[in-house]
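First comes the structure, then the notes that go with it.
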Amino acid sequence: MDISIKRAGKDDLQTIHEMAEVVFRETYKTILSPEQMDYMMEWMYSIPNLEKQVAIGHTYYIAWNGVEPQGYVSVRKDSTDPDGTEVWHLEKIYVMPSDQGKGLGLRLLESAKQHVRDNKSGLKARIELNVNRNNPAVGFYRRQGLSILRQGDFPIGNGFYMNDYIMGIDV
């Protein structure tokens with residue numbers, strides 16, 4: 001598989017939206033109710049909300065196999081711990097169902113880590129991400145060296161919650 005990973009621009013937001021319609025729905029079809037799924041798709045993946053995310057600092061990368069998009073990742077600088085460690089949030093990382101298990105998730109994760117290394121202003125940085133406690137991807141993240149830092153039930157509006165682990169790794 002000849003994959004290239006490229007930083008996404010505004011013209012790529014429709015592609016991200018279209019991928020999410022497939023991969024996000026497939027990932028959470030047995031975890032979320034249809035109502036929460038629709039709410040989260042609008043909240044996270046409508047074109048206006050993707051534009052807002054980019055405007056506040058989310059950086060997207062898309063994995064391409066020629067002209068076909070295969071997955072995406074998004075990362076943004078979040079905060080700085082009292083000890084000076086920059087905290088970056090891995091907002092999204094998804095691989096199309098037909099391309100899962102081929103190492104693409106690892107390549108996207110590595111792209112996010114490299115983005116942090118290239119853009120951090122201090123000596124120390126950590127990537128954190130929210131992952132649903134029932135998502136099989138928890139195992140993938142553990143195999144990549146991330147550990148569970150904490151967990152919570154986070155209200156996202158409309159009476160819905162994200163029941164997540166916060167996982168992290170120093171970069």
Side-chain angles (χ1 to χ4, degrees), residues 1-32 37-38 40-78 86-120 125-147 162 164-171:
M1 184 182 334
D2 187 25
I3 298 292
S4 61
I5 298 177
K6 298 179 182 172
R7 188 171 177 159
K10 187 173 180 175
D11 293 343
D12 296 309
L13 297 181
Q14 182 66 37
T15 299
I16 294 165
H17 171 79
E18 290 169 5
M19 281 191 289
E21 281 291 341
V22 175
V23 69
F24 187 83
R25 290 185 184 278
E26 178 66 24
T27 300
Y28 292 102
K29 68 183 179 187
T30 62
I31 298 172
L32 302 177
M37 177 82 71
D38 290 343
M40 291 182 75
M41 283 297 301
E42 174 64 26
W43 175 53
M44 293 171 34
Y45 289 112
S46 69
I47 297 300
N49 284 331
L50 287 169
E51 289 171 344
K52 288 177 192 172
Q53 291 166 27
V54 170
I56 63 167
H58 294 226
T59 301
Y60 279 89
Y61 290 88
I62 299 175
W64 296 90
N65 183 1
V67 296
E68 293 296 318
Q70 306 299 302
Y72 56 94
V73 65
S74 168
V75 65
R76 71 172 171 82
K77 187 173 179 185
D78 189 24
E86 290 182 13
V87 179
W88 291 71
H89 202 84
L90 185 70
E91 296 288 344
K92 301 168 180 71
I93 180 169
Y94 291 96
V95 174
M96 296 298 282
S98 60
D99 294 298
Q100 291 177 3
K102 300 177 182 176
L104 192 48
L106 175 60
R107 290 192 54 196
L108 287 166
L109 180 59
E110 287 301 321
S111 294
K113 287 179 181 179
Q114 191 60 53
H115 178 85
V116 170
R117 287 184 199 105
D118 292 345
N119 291 282
K120 68 181 182 175
R126 180 177 64 252
I127 292 177
E128 293 185 0
L129 75 140
N130 289 51
V131 59
N132 185 286
R133 293 189 299 261
N134 297 310
N135 189 331
V138 169
F140 166 78
Y141 295 122
R142 284 181 188 233
R143 288 189 301 278
Q144 306 317 314
L146 283 85
S147 58
M162 293 191 332
D164 291 348
Y165 291 128
I166 309 301
M167 299 184 78
I169 190 168
D170 292 334
V171 292

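In this text the structure is predicted, and so the values were computed from the model without any measurement.
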For [X] and [Y], indicate whether the former's side chain and the latter's backbone hold a donor-acceptor pair under 3.5 Å.
X	Y	answer
H58	R76	no
D2	G66	no
R107	I3	yes
D99	V95	no

Do you see a donor-acceptor pair shorter than 3.5 Å between the side chains of [X] and [Y]?
X	Y	answer
E110	Q114	no
S46	N49	yes
Q53	K92	yes

Item to complete: Could you give me the CA-CA distance, side-chain angles and deciding distance for Y60 and T15, then say whether side-chain contact (heavy atoms from CB on, under 4.5 Å) is met?
Response: CA-CA 11 Å; Y60 279 89; T15 299; over 6 Å; no
Working to the nearest 0.5 angstrom, can you tell me the gap between [X] [atom1] and [Y] [atom2]?
X	Y	atom1	atom2	result
W88	H115	CH2	NE2	4.5 Å
S74	Y61	OG	OH	10.0 Å
R126	L146	CZ	CG	11.0 Å
M37	L32	CE	CG	5.0 Å
L129	H89	CG	NE2	6.5 Å
W43	D38	CH2	CG	14.5 Å

Item to complete: Check the pair K120, V171 against side-chain contact (heavy atoms from CB on, under 4.5 Å), reporting the backbone distance first and the verdict last.
Response: CA-CA 10 Å; K120 68 181 182 175; V171 292; 5.7 Å; no
Any non-hydrogen side-chain atom of [X] less than 4.5 Å from a side-chain atom of [Y]?
X	Y	answer
Q100	V23	yes
L50	H17	yes
F140	V131	no
V54	K10	no
D164	N132	yes

For [X] versus [Y], what's the shortest heavy-atom pair and its separation?
X	Y	answer
I62	P69	CG2-CB, 4.1 Å
L109	I93	N-CD1, 3.6 Å
I31	T27	CD1-O, 3.9 Å
P97	E26	CG-CG, 3.8 Å
M162	N130	CE-ND2, 3.9 Å
T59	R7	CG2-NE, 3.4 Å

Item to complete: For E51 and L13, run side-chain contact (heavy atoms from CB on, under 4.5 Å): C-alpha distance rounded to whole Å, both residues' side-chain angles, the deciding distance at 0.1 Å, then the answer.
Response: CA-CA 8 Å; E51 289 171 344; L13 297 181; 3.6 Å; yes
Practice prompt. State whether K113 and D170 are salt-bridged, where the test is any N-O pair (Lys NZ or Arg NE/NH1/NH2 against Asp/Glu carboxylate O) under 4.0 Å.
Written response: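 A salt bridge is absent here (no side-chain N lies under 4.0 Å from a carboxylate O).
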Worksheet item: Which pairs with one or both residues in residues 132-144 pass salt bridge (Lys or Arg N to Asp or Glu O under 4.0 Å), sequence neighbours excluded?
Response: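 Applying salt bridge (Lys or Arg N to Asp or Glu O under 4.0 Å) to every pair that reaches into residues 132-144, excluding sequence neighbours, yields R133-D153.
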Worksheet item: What orientation do F24 and Y94 show, parallel under 30°, tilted 30 to 60°, or perpendicular over 60°?
Response: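 Plane angle over 60°, so perpendicular.
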Practice prompt. Take Y72 and L108 through the test side-chain contact (heavy atoms from CB on, under 4.5 Å) and record every step on the way to the result.
Written response: CA-CA 7 Å; Y72 56 94; L108 287 166; 5.7 Å; no
